[in-house]
Amino acid sequence: MTTIQDRPLSGLLPGRSVAYGRPHRDGAVLDLFTSWARRTPDAPALIDGGLTLSYAELDRLADGIARQLAGRVRPGDLVGLCLDHSAALVAATLAVARIGAVHLPLGPRPGERRLRAVAEQLRPACLIGDPALLPPAHRAGRHHPVTAPGATGIVAAFAESADGAGTGTDRADAVRAPRGTQYTVLTSGSTGLPKAVAVGQTALGALLTWYRELTGLGPGDRHSLLIGVSFDPHLMELWAGLTSGAALSVAPEAVRWDPAALTDWWRTAGITVGVLPTPLAEPVLDRPWPADLPLRHLTVGGDRLRRTPGPDVTATVHNAYGPAEATVTTTVHSMAPGAEHGAGAPPIGRPVPGAIVLVTDENGRPLPRGEAGELRIGGQGLAIGYLDAGLTAERFVSAPDDLDGTDRVYRTGDRVLMRADGVLEFLGRLDDQVKVSGVRIEPAEVEAALERDPRVRRAAVVARPAPVGGAQLLAFAQPVTEGGPVDGAELLAAVRPWLPEQAVPSVLRLVDGFPLDANGKIDRAALLKAEEAEAQQGAERSAGSGAPGAATPTERTLLRICAGLLGRSDLDPSDNFLDSGGTSVTAARLLAALEEEFEVRLRAPVLLRQPDLRAVARLVDERRPGAAAG
């Protein structure tokens with residue numbers, strides 16, 4: 001666990017809410033992988049089911065992809081990877097770094113219209129993925145096959161410039177990242193378009209050095225590759241494995257939805273070090289900890305952790321906090337196995353090496369310890385900025401004149417408190433931004449996506465606490481008066497391609513108009529209050545009528561469980577779980593509830609393949625103990 005050094009600051013009295021991580025150590029990124037490929041060429045580098053690639057094999061695969069891109073991609077060009085966890089993803093990440101280009105992880109399903117908007121805004125030199133899923137300009141441009149074990153139909157696609165003058169290195173309109181950028185990631189933007197954060201090589205190298213020291217990661221270890229590709233902790237887990245001599249082990253899709261399947265996989269795959277998003281970690285920690293797991297260290301992040309590990313947990317659990325603008329992790333609170341860590345939410349801890357944290361008032365001045373304010377971050381881990389200079393100037397501001405060690409700080413918008421011992425406690429957000437399943441979402445981005453639909457005159461999006469923890473998005477749409485009736489389910493289906501999965505509202509209500517506050521703005525509190533009143537009335541109606549539409553006791557029980565998980569009182573057996581607002585988090589909770597209620601253990605892929613809740617209930621009945629005899 002990292003330690004803290006509180007250094008006296010010129011003009012700042014002792015007891016102010018300012019803390020320094022211990023001095024950081026610089027660390028290489030690509031050079032460390034190359035070094036391991038030479039020192040231990042036969043050691044496993046990547047394990048994906050039945051496929052194992054050694055360091056030497058992965059090195060050669062990356063070289064081959066780099067040669068395909070060379071001459072078409074320049075250092076500093078953006079290369080978007082539209083790939084899921086695979087040998088192709090890992091090799092392409094290495095290849096992009098090898099030619100000095102900038103890695104932009106987009107994931108396999110970023111949404112067709114969202115990807116098109118990103119391509120038009122950032123104009124990457126190249127997109128790597130399935131050509132059928134790429135934007136029109138890249139589908140119509142030049143394609144070069146990308147060869148990797150287990151990958152078929154993957155291409156490096158080069159779009160023509162807007163004037164048709166060229167592709168790849170010839171494109172005069174291509175956006176180039178600042179010098180020294182290692183990768184860019186997208187975060188939600190209030191303008192309706194995502195913001196691209198540029199993170200430097202030195203910041204990533206320092207982070208990886210700290211993480212390897214924290215976990216003891218090294219040769220012989222197995223590190224999970226599980227975090228969603230477009231989520232910036234993915235970069236930490238991928239590069240941590242490749243720079244330590246350990247092996248990356250690709251998590252099967254099913255374990256990302258099912259806590260029981262996840263811990264089973266940890267055991268069978270021999271995972272010793274792993275990272276989990278908070279929404280998946282919490283149900284894992286809610287369950288009895290399985291015996292004989294090889295897992296030594298588990299880092300949890302992305303959202304507020306609401307519980308501490310129990311005394312049966314045999315791994316050290318690290319509660320990590322950090323925005324993408326500060327290179328994945330800024331603070332950490334480590335909880336040793338077998339110890340008593342208290343009840344409730346653990347703190348977010350102390351700064352990692354090289355980080356400077358300060359809790360400030362609205363004018364940016366550090367507050368006394370024990371007073372709540374905005375968390376600002378400075379030091380080694382700061383990103384270079386956004387690829388938009390105006391956005392950078394808004395959030396990356398000058399440090400207080402009497403603050404040593406950094407000339408700028410990032411305004412997180414998070415409300416925190418620094419205790420007398422220097423430990424930070426997370427209290428919430430200061431603005432409208434919310435976290436859904438660990439991903440930061442600007443409601444304005446969702447509103448803008450809805451208002452792109454010609455059937456929508458105006459939209460408003462509000463967040464409420466989700467029944468299973470975290471936040472849940474509710475959308476209210478005012479249809480245009482012309483054109484006939486509008487269906488809310490159709491609007492939700494139409495908005496999905498514009499948004500990441502976590503930003504799709506759980507509920508969409510059609511309204512004739514919006515309540516306004518005293519300033520003439522949409523009164524979101526009134527919208528939420530009306531929705532909660534309607535939900536309460538719906539729950540009372542359902543309780544009195546015994547779940548209308550349910551034909552069997554299992555259907556009635558299933559509807560009751562799903563209503564509680566999704567915060568929906570209007571569910572019907574013909575509704576689809578995902579279309580009704582289900583997510584990976586609620587799917588995991590549903591699996592656990594079905595196992596407890598019916599003694600039936602379903603796997604996530606089986607559950608999610610069912611067309612509606614009636615089919616889920618039928619499947620439960622078929623698999624209940626004694627069903628065959630009945």
Side-chain angles (χ1 to χ4, degrees), residues 1-3 47 207-208 210-227 231 233-234 236-241 244-252 254-322 328-329 331-350 352 423 438 469 585 588 592:
M1 178 176 176
T2 56
T3 59
I47 303 168
L207 173 83
L208 296 173
W210 160 77
Y211 182 71
R212 291 192 301 268
E213 292 176 348
L214 179 78
T215 61
L217 186 64
D221 277 318
R222 299 286 184 271
H223 196 296
S224 59
L225 188 62
L226 177 146
I227 300 293
F231 191 21
H234 158 72
M236 184 176 78
E237 64 175 359
L238 184 148
W239 281 111
S244 65
L248 286 171
S249 188
V250 175
V255 312
R256 303 177 205 173
W257 299 77
D258 187 339
L262 173 62
T263 53
D264 288 346
W265 176 72
W266 279 343
R267 179 185 291 105
T268 57
I271 302 300
T272 54
V273 181
V275 180
L276 283 184
T278 308
L280 182 53
E282 288 186 329
V284 169
L285 295 175
D286 283 341
R287 300 173 62 88
W289 192 256
D292 304 324
L293 283 185
L295 192 73
R296 300 194 320 269
H297 290 272
L298 176 63
T299 301
V300 177
D303 206 342
R304 186 180 187 183
L305 184 63
R306 290 166 175 79
R307 60 151 300 157
T308 57
D312 60 335
V313 175
T314 56
T316 299
V317 177
H318 307 281
N319 185 33
Y321 162 88
V328 185
T329 301
T331 67
V332 67
H333 176 71
S334 298
M335 293 168 279
E340 177 57 51
H341 301 292
I348 58 174
R350 298 183 168 104
V352 302
V423 171
V585 178

Would you call [X] and [Y] a side-chain contact if the rule is heavy atoms closer than 4.5 Å?
X: P277; Y: L226; value: yes
X: L214; Y: S334; value: yes
X: S244; Y: D221; value: no
X: H223; Y: T272; value: no
X: V250; Y: I47; value: no
X: N319; Y: V332; value: no
X: Y211; Y: V328; value: no
X: P337; Y: V313; value: no

Which heavy atom of [X] sits nearest a heavy atom of [Y], and at what distance?
X: T308; Y: P346; value: CG2-CB, 3.9 Å
X: P283; Y: P259; value: CB-CG, 3.7 Å
X: G241; Y: L248; value: CA-CD2, 4.0 Å
X: A240; Y: L208; value: N-CD2, 3.7 Å

**Request:** Rounded to the nearest 0.5 Å, what's the gap from CE on M236 to CH2 on W210? Could you check?
**Result:**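 Reported value, rounded in 0.5 Å steps: 6.0 Å.
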**Asked** What distance separates R212 CZ from L207 CG, expressed to the nearest 0.5 Å?
**Response**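 That separation rounds to 9.5 Å.
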**Prompt:** Between R222 and V273, is a side-chain contact (heavy atoms from CB on, under 4.5 Å) present by the stated rule, with each step listed?
**Reply:** CA-CA 6 Å; R222 299 286 184 271; V273 181; over 6 Å; no
Hey, does the side chain of [X] reach the backbone of [Y] with a donor-acceptor pair shorter than 3.5 angstrom?
X: R296; Y: T215; result: yes
X: T329; Y: G322; result: no
X: R306; Y: R304; result: yes

**Item:** Evaluation steps, side-chain contact (heavy atoms from CB on, under 4.5 Å), between L298 and T316
**Value:** CA-CA 6 Å; L298 176 63; T316 299; over 6 Å; no
**Message:** If only side-chain N and O atoms count, and only distance matters, is there a donor-acceptor pair under 3.5 Å linking H333 with H318?
**Reply:**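 Not at all, the side chains of H318 and H333 share no donor-acceptor pair under 3.5 Å.
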**Prompt:** Going through the checks in order, is the side-chain contact (heavy atoms from CB on, under 4.5 Å) test met by E237 and V275?
**Reply:** CA-CA 7 Å; E237 64 175 359; V275 180; 4.2 Å; yes
**Contacts of T278 that satisfy side-chain contact (heavy atoms from CB on, under 4.5 Å) - sequence neighbours left out** =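 side-chain contact (heavy atoms from CB on, under 4.5 Å) check on T278 returns E282, V300, D303, L305.
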**Item:** Partner residues of P252 under the side-chain contact (heavy atoms from CB on, under 4.5 Å) criterion, sequence neighbours left out
**Value:**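 If we apply the side-chain contact (heavy atoms from CB on, under 4.5 Å) test to P252, skipping adjacent residues, the hits are V255, W265.
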N/O donor to acceptor pairs below 3.5 angstrom from side-chain atoms of residues 284-295, sequence neighbours left out:
| from | atom 1 | to | atom 2 | distance (Å) |
| --- | --- | --- | --- | --- |
| D286 | OD1 | R307 | NH1 | 2.9 |
| D286 | OD2 | R589 | NH1 | 3.0 |
| W289 | NE1 | T314 | OG1 | 3.0 |

**Asked** Please walk me through it: do D264 and D258 pass side-chain contact (heavy atoms from CB on, under 4.5 Å)?
**Response** CA-CA 10 Å; D264 288 346; D258 187 339; over 6 Å; no
